[in-house]
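One structure is given below, encoded as structure tokens.
As the structure is a prediction and not an experimental result, all values here were calculated from the model.
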Amino acid sequence: MLILLSLVCTSPDLAGTIPDSVVMTRKDRFAPWASLLFPGSGELMRGYQTKGEILLWIDGITIAGVAGFGWDSYQKNNSAIGMAAMNAGANPLNRSSSYLNSMESYMSSDDYNADLLIEARSRYPDDLEKQKEYYEARKIEDEDAWLWKTDSLRLEYFQQRTSMRNSVGAAQILAGVMVLTRVFSVFDVSFFSPPKESRLGLIPQFDNPGVQLVYRF
């Protein structure tokens with residue numbers, strides 16, 4: 001975002017003064033809403049070409065990144081599920097995160113269930129009924145049972161799932177950038193990119209940090 005601010009605020013068409021005019025047009029009033037949908041469009045509507053193009057390019061790149069990483073994570077997840085079905089006999093229809101994550105750590109569903117039983121006894125050492133309830137609610141059923149052929153295959157599955165999670169994280173970061181870009185663009189249009197015809201607006205002050213409220217008679 002610092003690079004974004006630097007590029008936008010140093011663009012040559014940044015308003016330094018607010019020219020005389022009469023009223024805001026409908027297009028000028030709509031500009032902040034346009035920026036909320038497509039960052040940079042509000043700047044273009046008000047005549048700030050360089051800032052508008054920079055923000056539109058940034059938004060286009062981040063949208064492409066979100067789509068790309070999202071598709072990549074989807075493909076990697078499907079690949080990992082297919083591998084588990086082929087090499088461990090896992091149920092490819094069960095896509096719950098707890099089920100898929102369990103196969104990363106346990107060689108078989110029996111190992112998982114045995115560990116779960118130990119956990120149930122540890123949680124409720126003096127209550128057999130609660131032990132059973134806890135175990136029954138979380139155990140792996142027969143239709144979801146798995147058994148990895150080798151430990152190296154399980155580790156390969158784990159690596160695929162880790163790569164999938166990395167892609168999801170990258171997509172989430174870029175989605176956050178998309179949100180921040182929209183917030184920045186709306187703020188810029190509202191306070192630092194006044195309509196050419198508007199009498200009232202805010203302009204940045206470079207000699208002394210801050211902004212100045214300006215009204216032209």
### Query
Passes side-chain contact (heavy atoms from CB on, under 4.5 Å), M178 versus T181? Steps please.
CA-CA 5 Å; M178 287 175 57; T181 304; 5.8 Å; no
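- A distance of 7.5 Å separates CG in L147 from OG in S109, rounded to the nearest 0.5 Å.
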Donor-acceptor pairs under 3.5 Å, side chain of residues 54-69 to any protein atom, not counting sequence neighbours: which ones?
from	atom 1	to	atom 2	distance (Å)
D59	OD1	R182	NH1	2.6
D59	OD2	R182	NH2	3.2
T62	OG1	I58	O	3.1
T62	OG1	D59	O	2.8

Please output the side-chain donor-acceptor pairs of residues 75-85 that fall under 3.5 Å, not counting sequence neighbours, one pair per line with the distance.
from	atom 1	to	atom 2	distance (Å)
K76	NZ	D72	OD2	2.9
K76	NZ	S163	OG	2.6
N77	OD1	R161	NH1	2.8
N78	OD1	R95	NH1	2.7
N78	OD1	R95	NH2	3.4

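- If you chain together hydrophobic residues whose side chains sit under 4.5 Å apart, L100 and I140 fall into the same group.
- Under 3.5 Å, the side chains of S185 and S35 contain a donor-acceptor pair of N or O atoms.
- Closest of all the heavy-atom pairs between V186 and S190 is O-OG, 2.7 Å.
- Applying the side-chain contact (heavy atoms from CB on, under 4.5 Å) rule to S97 yields the partners N101; only residues at least two apart in sequence or on another chain are considered.
- Of all heavy-atom pairs spanning S102 and S98, the tightest one is OG-O, 2.7 Å.
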### Query
Can you check ring pair (Phe, Tyr, Trp, His ring centres under 6.0 Å) on F38 and W33, steps first, answer last?
CA-CA 9 Å; F38 301 104; W33 297 102; over 10 Å; no
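- Hydrophobic clustering (ILVMFWY, side-chain heavy atoms < 4.5 Å, transitive): Y99 and F158 are in distinct clusters.
- Shown here for E43 and D188, the closest heavy-atom pair between the two residues is OE2-OD2, 2.6 Å.
- In the hydrophobic clustering, where aliphatic and aromatic side chains (Ile, Leu, Val, Met, Phe, Trp, Tyr) are joined below 4.5 Å either directly or transitively, W71 groups with Y74.
- Applying the ring pair (Phe, Tyr, Trp, His ring centres under 6.0 Å) rule to Y112 yields the partners Y106; only residues at least two apart in sequence or on another chain are considered.
- Applying the ring pair (Phe, Tyr, Trp, His ring centres under 6.0 Å) test to Y157 and every residue at least two apart in sequence or in another chain returns W148.
- Note: the hydrophobic cluster containing L117 also contains Y134 (ILVMFWY, side chain heavy atoms under 4.5 Å, direct or indirect links).
- A distance of 3.0 Å separates OG1 of T150 from CG of L153, quoted to the nearest 0.5 Å.
- Interatomic distance, CD of E119 versus OH of Y124, reported as 9.5 Å (0.5 Å rounding).
- Contacts of R138 classified as salt bridge (Lys or Arg N to Asp or Glu O under 4.0 Å), with partners at least two apart in sequence or in another chain: none.
- Taking the salt bridge (Lys or Arg N to Asp or Glu O under 4.0 Å) definition, one finds that D151 meets it with R154, sequence neighbours left out.
- The salt bridge (Lys or Arg N to Asp or Glu O under 4.0 Å) search around E136 returns K139, not counting sequence neighbours.
- Side chains of S96 and N94: a donor-acceptor N/O pair is present below 3.5 angstrom, by distance only.
- Other cluster members for I118: none, since no ILVMFWY side-chain heavy atom sits under 4.5 Å from it.
- Residues that satisfy the salt bridge (Lys or Arg N to Asp or Glu O under 4.0 Å) test with R121, not counting sequence neighbours, are absent from this structure.
- Here the closest non-hydrogen pair linking K51 and F192 is NZ-O, 3.8 Å.
- Annotation for M164: hydrophobic cluster partners, listed by chain and number, are V168 (ILVMFWY side-chain heavy atoms under 4.5 Å, direct or chained).
- Here the CG atom belonging to N113 is positioned 8.5 Å from the CD atom belonging to E141, to the nearest 0.5 angstrom.
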